[in-house]
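Residue numbering restarts at 1 for every chain, and letters A, B, ... go by the order of the sequence lines.
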Number of protein chains: 2
Amino acid sequence: MSNRSNVTKQKLLDAATDIIMNHGVHQLTLDEVAKTAGVSKGGLLYHYPSKEALMTAMVERLQQEQNELYASLQQEGYGPVEAFVRLFDETKLHPERAAIQIDVEKMIAFLTLFEVDQEYANRWKHDLDTFFAQFQQTADPVETMIIRYALEGMMMSEHFGVGVPPTELKQAIIARLIERAHDIDCES
Amino acid sequence: MSNRSNVTKQKLLDAATDIIMNHGVHQLTLDEVAKTAGVSKGGLLYHYPSKEALMTAMVERLQQEQNELYASLQQEGYGPVEAFVRLFDETKLHPERAAIQIDVEKMIAFLTLFEVDQEYANRWKHDLDTFFAQFQQTADPVETMIIRYALEGMMMSEHFGVGVPPTELKQAIIARLIERAHDIDCES
DNA sequence: TCAAACAAACCGTCTGGTCGGTACAGAAAG
DNA sequence: CTTTCTGTACCGACCAGACGGTTTGTTTGA
């Protein structure tokens, strides 16, 4: 794959991600993606022969980004649970790492993709299932799951814009979750 | 409005709710709703002149059901936070009340409707915003919000079917959330 | 008998996908 | 060096089906 081709592909994935985050799945049409990326629909379908191929590529890129960040957080000494919490707020806690440019809100937005296609959704589901399985092996599985659910619920409410609390409260919530995650990791 | 008309309307709302919960928003088409309800599309559009009208009616019915259940729970002596938690599990905690037939998983499924239409979504959002505003006035707003987010995240993961834990763990999670909600209500 | 409650064919738009063609960079041939 | 050829990247008109909604006609119950 040439460099030029790869650049265009990334542009298309960026455009699709942008649309799904800011305008929702229902706006994720091939025409819209092509237009946003500054490419013709023909050009889009040259690189991704179907809408599903485009969505699959989107999910795979996100997965890869997340796995890399999660691994790097664990290498910094954070336990599995705390690393997971920090995964959700990394770009806000460490703005200097904005280069990594991962926002887990993407994941929530991407979850809505599950509504559209079942085929590839199952693959992602399987990965998430195995990932969350380890959360049931910690010192306090109940608390661990509460932390996980709280983060997901928070991101969801953020994505849909319902009942969003002021920033200070959000930061306090994250802080407390990190605290508890740290305790759980220590006990485990 | 005659009785016959109302029966059909409820059948249509039931069908739409069923589809959105079991097959997702993208399958919520007028043809599908009509077919599921055993009515022709013409019949559907006789009662609900547009898809948005149908969705609005769906949301309004759900809101009403929830408000009634929430009020009844508070009348039984539960504080606002604990009542909210029990709202999420009422049908499972009290199967004998299955007549009420409210499952808050519906709400999560309905959230995906936000992706489709912004118009009526805002109305619902406003109601949710004012509802959740009181959660920031409790003795421990941080913990209260964690409880709320955890419940929403749990229902969401249930709806999308990602990383769903075994039943016992789920019950333990709910139990602990009820415990904490109770404490918060007592302190408030 | 009359209006409410449907049924069914039909229409316009949107959308995923196809297809023939173009621009261009480099290799091969002369 | 010029010409020809080839494959990659891309464009844009077009198509078929799906979907929301309209219209017209039919049944049903008071």
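If you take CD of B:E32 and C1' of D:dG20, they are 14 Å apart, rounded to a whole angstrom. One atom, CG of A:L30, and another, P of C:dC19, lie 16 Å apart when rounded to the nearest Å. The interatomic distance linking B:L45 (CG) with D:dC19 (C1') rounds to 11 Å, in whole Å. As a whole-Å value, the separation of A:L12 CG from D:dA9 P is 13 Å. Counting to the nearest Å, the P atom of C:dA4 and the CG atom of B:N6 are 16 Å from each other. In this structure, A:L54 atom CG and C:dG17 atom C1' are separated by 13 Å, rounded to whole Å. Going from atom OH of B:Y48 over to atom P of D:dT22 covers 17 Å, rounded to whole Å. When the P atom of C:dT13 is taken as reference, atom CG of A:D31 falls 16 Å away, rounded to whole Å.
Proximity note for A:S40 (side chain, C-beta onward) versus D:dG20, D:dC11, C:dA7: the nearest is D:dC11. Set against D:dG20, C:dT15, C:dC6, the side chain of B:V39 has C:dC6 as its closest nucleotide. Here the nucleotide nearest the side chain of B:T29, chosen from D:dC19, C:dG17, C:dC6, is D:dC19. Minimum atom distance to the side chain of A:H47 is reached by D:dC10, of the listed D:dG20, D:dC10, C:dG16.
Minimum interatomic distance between A:V162 and B:D129 (heavy atoms only, all atoms of both residues): C-OD1, 3.6 Å. For the pair A:G163 and B:M145, the tightest heavy-atom approach, listed with the atom from each and the gap, is O-CE, 4.2 Å.
No N or O donor and acceptor, one from the side chain of A:K51 and one from the base of C:dG17, sit under 3.5 Å apart. Between the side chain of A:K41 and the base of D:dG12, no donor-acceptor pair of N or O atoms lies under 3.5 Å.
Side-chain polar atoms of A:S188 and A:T138 form no donor-acceptor pair below 3.5 angstrom.
Contact annotation: A:T8 side-chain N/O to D:dC10 OP1/OP2 distance is under 4.0 Å. The side chain of A:Y46 places an N or O atom within less than 4.0 Å of a non-bridging phosphate oxygen (OP1 or OP2) of D:dA9.
For A:F131 and A:F84, the gap between ring centers is short of 6.0 Å.
For the side chain to side chain donor-acceptor pair (under 3.5 Å) test with B:E82, the passing option among B:R180, B:H182, B:Q74 is B:H182; the others fail.
At the heavy-atom level, A:L28 lies under 4.0 Å from the strands shown only through sugar-phosphate atoms.
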